[in-house]
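Written below as C-alpha cells is the structure these notes are about.
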Amino acid sequence: GGALLCFSATAACHQLSPTPASRGPGAGYQGLVDGGDNIKEATWESVSMMLQLGGTVIGSARCQDFRTREGRLKAARNLVKRGITNLCVIGGDGSLTGADTFRAEWSSLLAELLKTGGITADEAKKSSYLNIVGMVGSIDNDFCGTDMTIGTDSALHRIMEIVDAITTTAQSHQRTFVLEVMGRHCGYLALITSLACGADWVFIPESPPEDDWEDHLCRRLTETRLGGSRLNIIIVAEGAIDKQGKPITSDDIKNLVVKRLGYDTRVTILGHVQRGGTPSAFDRVLGSRMGVEAVMALLEATPETPACVVSLSGNQAVRLPLMECVQVTKDVTTAMNERRFDDALKLREILRGNQRQHQQLRHPRADHHRGLRGERGGGGPGLGGSSWRPCPQFWLPPPPHPPFPKAFTGSLEMMEGRAKFEELCIPLCVIPATVSNNVPGSDFSIGADTALNTITTTCDRIKQSAAGTKRRVFIIETMGGYCGYLATLAGLAGGADAAYIYEEHFSIRDLQINVEHLTEKMKTTVKRGLVLRGCSPPLRTRLSPPCPVTRCRFSPQGGTPTPFDRNFGTKMGAKAVAWITGKIKECSRHGRIFANTADSACLLGMRKRSLVFQPVTELKEQTDFEHRIPKEQWWLKLRPILKILAKYNIELDTSEKAHLEHHDGEDLKH
C-alpha cells in the first residue's frame, strides 16, 4: 500500500493519515480525498521517536474514490485549499501510477474546480502545477529500478530470526523444514533467505524448476544427509510455480519428501510476521536518505520536470523517471503471465545475479565447498565471528606503520616477501572483514552491518529507558578506531543529536553549539539527548550539557550475523574461490604455481554496485596508514543529513546532485 507526504510552497510538511494496503492506483490516497483532520502538519516534535517504529505511522489505505475523477477532484481541492503543490508518494507501482495520473490531470482538475466555484482564481494561480516524487516501500523488493526497496531488509531480519530458531530444533531431531515466505509475484525474499542460511533448495516464481524437479530435489536432500548434515532446509516463495504455471505449495513439497524419503518433515508458513517488528539499521538509513533526496527533488522541480522516483544504486541515491520504472515492473508481470520466465529474470536484474550465485552454490558436486555454502552445524553464514583463528604473530618483519586490518597489511608484506621467498608466489585474495569498515578498496566490509545493527538496537533501548526520565543526555562510545563509519551510520539509524568522529574535526566552539542545541531541545516535549562518538584517541572530550549525562561504552562485536552480512560474505567467498581457481590455472607451469605479477594479489571489494578485484599494491596510494583509514570514504557525504534530521540550522551542499537517469536493466550489474 502507499502513504503520502505533501509539501506546500513554503516546504512545510503535511502527512495524510489512513489505513490497510492495496496494490491498485488508489492505495494510500483516502486522507487526500477526505481532507479535514486527515491532513495534518508534521512537526519535528511529532515525528520524534518514529524512527524505530515498524510499518507506516501515517497509515495507508485502499481508496476506491481516488480511482474516479470525482475522487481526484476532491483530492485536488483539498490540496489547493492548503497551498500544497508537492507530493511525495511512498508505495509500490499502484500508488506511483495513481500519482502520475493525478499529476497528468492536474490542470484539467483545477479548471473544473474553478468553473464550479470549488476554488478561486487566485488559488488556482498559486497551485498551477503539481510536483510528484516517488519513494518505493515494499518488503518484496519487486520494483524495477532500485537495488532495495524500503522494508525489504527488515523483512529479511524477521525471516532469518525464525530460520535460526527453527534450525536449532531441526538439528536436534534431524528434520526437514519447509519454510514459506512472502513473495506472491517476486522471489527476492525467498532467494536471499536461501543464500543467507545455506538452504538446500529454493522455489521462486520467476525461475520455475525443471519438469523432473522432484527427482533432483530428493537426490539433493539425500546427498546432503549422506554428507553428514543433520537437517534440510527448503525455502518456498508463496507464489512458487512450475513451468506450466501450476502452484508449488509447501504441503506439496512436504508430501513429496515424506513419501519418497521418509524424512520427518515440517512446514512453517511465516505469514505477516515478516511485515512487523523494528526496522533494521539499513532501512532506517535508507528511508532517511531517500526522504532527503525526495525533498531536494521537489524543491528543484519545475513544471517541465517529469515525475521521478528516488532509487538506490549501489550506495548512491539516484532519480529515475517514475513511469519508466513502473512500466518495466509491469513488463515483468506480463512476462510471468506469458511464461517468459527468462525475460522476467532479465528485467528483474537484481534477482538474476542472486539466482546465478545460488545455482553455483547448490551444484550437486560442490560438496567440497560446504564451508562456503554454510552448512548448518559446521560454521558458515549463521555464526558470528570467525571460525578461523588469526595467527598472533606474522613471521615476516613487522611493517613500518601502525597496525591495520591484518589481511590487508599481511598481503602487502607477502608481496614484498616474494622477492626473497618463492613460496609466497601464489595467488592471493583479500576479503574485507572488519566491523570498522575501514578497509581501502571496498565500500563495505563483512561484519560492519551486524555491528551497526547491534549499536542501533542499543540506542533504541537507551532511548526507551529515557522515556521515564526527563532532561537526560546519553553518550555512547562506539568502536572503529579512527574510522567514524559506525558512529555516523548508527547516529543516522538511532536518531542521534550528534556524532563525533576523527574525520570531521571540531573545536570548542562546535561543542558549545551542540550543548546550546541540546539546551533548546530540552525546552520542548522531547527531553532527552543521544550523542555518539568514535573511540579514537583524539576524541577524549567531555560533553557537559545542563542536565544529567549517562555514558555508555560497549563492543558491537559478536552476535548473530545480519542477512546482509551473510549474503555478502557468501558472495564474496564464492567469487574469491572462483578467482583463485582461475589464477591457479593461469599461473601453473609444469606442475608448479608461480604467481609474481601485481594482479595475482588482489583485494575483492564492493565498489558501488559491483564486486571488483583490485591489486593490493595499487590500494597503497588510497590508504592513510597512520590512521588506518582510506583517504576517501563515501559515507562522509551522509553526515549533513544527520545534522539536518537533528534540527540543526545548517546548509546542505547540493553541488553534487543526483541527476535524473534513465532506467536500463541491461546495464545493471550485481
Side-chain angles (χ1 to χ4, degrees), residues 1-9 14-40 56 58-137 143 294 298 301-309 321-327 329-330 333-334:
L4 298 176
L5 292 176
C6 335
F7 297 86
S8 65
H14 297 72
Q15 57 187 13
L16 307 180
S17 330
T19 43
S22 159
R23 294 185 61 86
Y29 291 99
Q30 193 64 57
L32 199 61
V33 174
D34 294 343
D37 292 339
N38 290 303
I39 302 179
K40 302 177 183 178
T56 166
I58 60 178
S60 105
R62 185 182 300 277
C63 180
Q64 297 299 329
D65 292 337
F66 199 77
R67 297 173 182 266
T68 66
R69 183 172 177 83
E70 182 182 357
R72 293 192 290 274
L73 270 172
K74 292 179 181 178
R77 183 179 184 277
N78 287 327
L79 291 183
V80 171
K81 288 296 182 181
R82 289 166 175 80
I84 295 172
T85 56
N86 299 279
L87 281 183
C88 177
V89 183
I90 309 167
D93 58 335
S95 301
L96 300 181
T97 301
D100 190 70
T101 301
F102 192 39
R103 188 194 194 205
E105 293 181 347
W106 185 253
S107 296
S108 64
L109 291 172
L110 293 192
E112 187 172 339
L113 287 169
L114 185 60
K115 183 178 180 180
T116 58
I119 60 175
T120 66
D122 186 54
E123 289 172 333
K125 183 179 179 180
K126 290 180 179 178
S127 305
S128 59
Y129 65 92
L130 179 70
N131 294 321
I132 297 287
V133 170
M135 292 170 61
V136 190
F143 191 82
L298 288 170
T302 66
E304 293 75 33
T305 305
C308 70
V309 59
L322 188 149
M323 289 314 295
E324 279 189 24
C325 295
V326 169
Q327 186 56 54
T329 303
K330 291 181 176 179
T333 303
T334 301

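Fair warning: this is a prediction, and the values are worked out from it, not measured in the lab.
Every residue two or more places apart in sequence or in another chain that forms a salt bridge (charged side-chain N to carboxylate O under 4.0 Å, His left out) with Lys126 is listed here: Asp122. Scored by the side chain to side chain donor-acceptor pair (under 3.5 Å) test, Asp34 finds Gln30 as partners (sequence neighbours excluded). Residues meeting the side chain to side chain donor-acceptor pair (under 3.5 Å) test with Asn131, sequence neighbours left out: Asn86. Under the side chain to side chain donor-acceptor pair (under 3.5 Å) criterion, Thr120 pairs with Glu123, sequence neighbours left out. Every residue meeting the salt bridge (charged side-chain N to carboxylate O under 4.0 Å, His left out) condition with Glu105, not counting sequence neighbours, appears here in chain and number order: Arg69, Arg72. Under the side-chain contact (heavy atoms from CB on, under 4.5 Å) criterion, Leu96 pairs with Val89, Val136, Phe143, Val309, Leu322, Val326, sequence neighbours left out.
Taking CG of Asp93 as the start and OG1 of Thr333 as the end, the distance is 7.0 Å to the nearest 0.5 Å. The distance from atom CD1 of Ile90 to atom CE of Met135, rounded to the nearest 0.5 Å, is 5.0 Å. Interatomic distance, CZ of Arg77 versus CD of Glu112, reported as 13.0 Å (0.5 Å rounding). Atom CG in Asp65 sits 8.0 Å away from atom CD in Glu70 (nearest 0.5 Å). Rounding to the nearest 0.5 angstrom, the gap separating the CG atom in Leu110 from the OG atom in Ser127 is 7.0 Å. In this structure, the separation between OG1 on Thr101 and CZ on Phe66 is 8.0 Å, given to the nearest 0.5 Å.
Looking at heavy atoms from C-beta onward, Leu298 lies out of side-chain contact with Leu87 at the 4.5 angstrom threshold. Taking the side chain as every heavy atom from C-beta outward, Trp106 and Leu79 approach each other to under 4.5 Å.
Between the side chain of Thr334 and the backbone N or O of Lys330 there is at least one donor-acceptor pair closer than 3.5 Å. Put simply, the side chain of Asn78 never gets that close to the backbone of Ala75: no donor and acceptor are under 3.5 Å apart.
Taking every heavy atom of both residues into account, Asp100 and Ala307 meet most closely at OD1-CB, 4.0 Å. Ala294 and Cys88 get closest at one heavy-atom pair: CB-SG, 4.0 Å.
Val80 pairs with exactly one of Thr85, Leu130, Leu109, Ile119 by the side-chain contact (heavy atoms from CB on, under 4.5 Å) rule, that one being Ile119.
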Problem set entry | Trace of the ring pair (Phe, Tyr, Trp, His ring centres under 6.0 Å) decision for Tyr29 with Phe102 | CA-CA 11 Å; Tyr29 291 99; Phe102 192 39; 7.2 Å; no
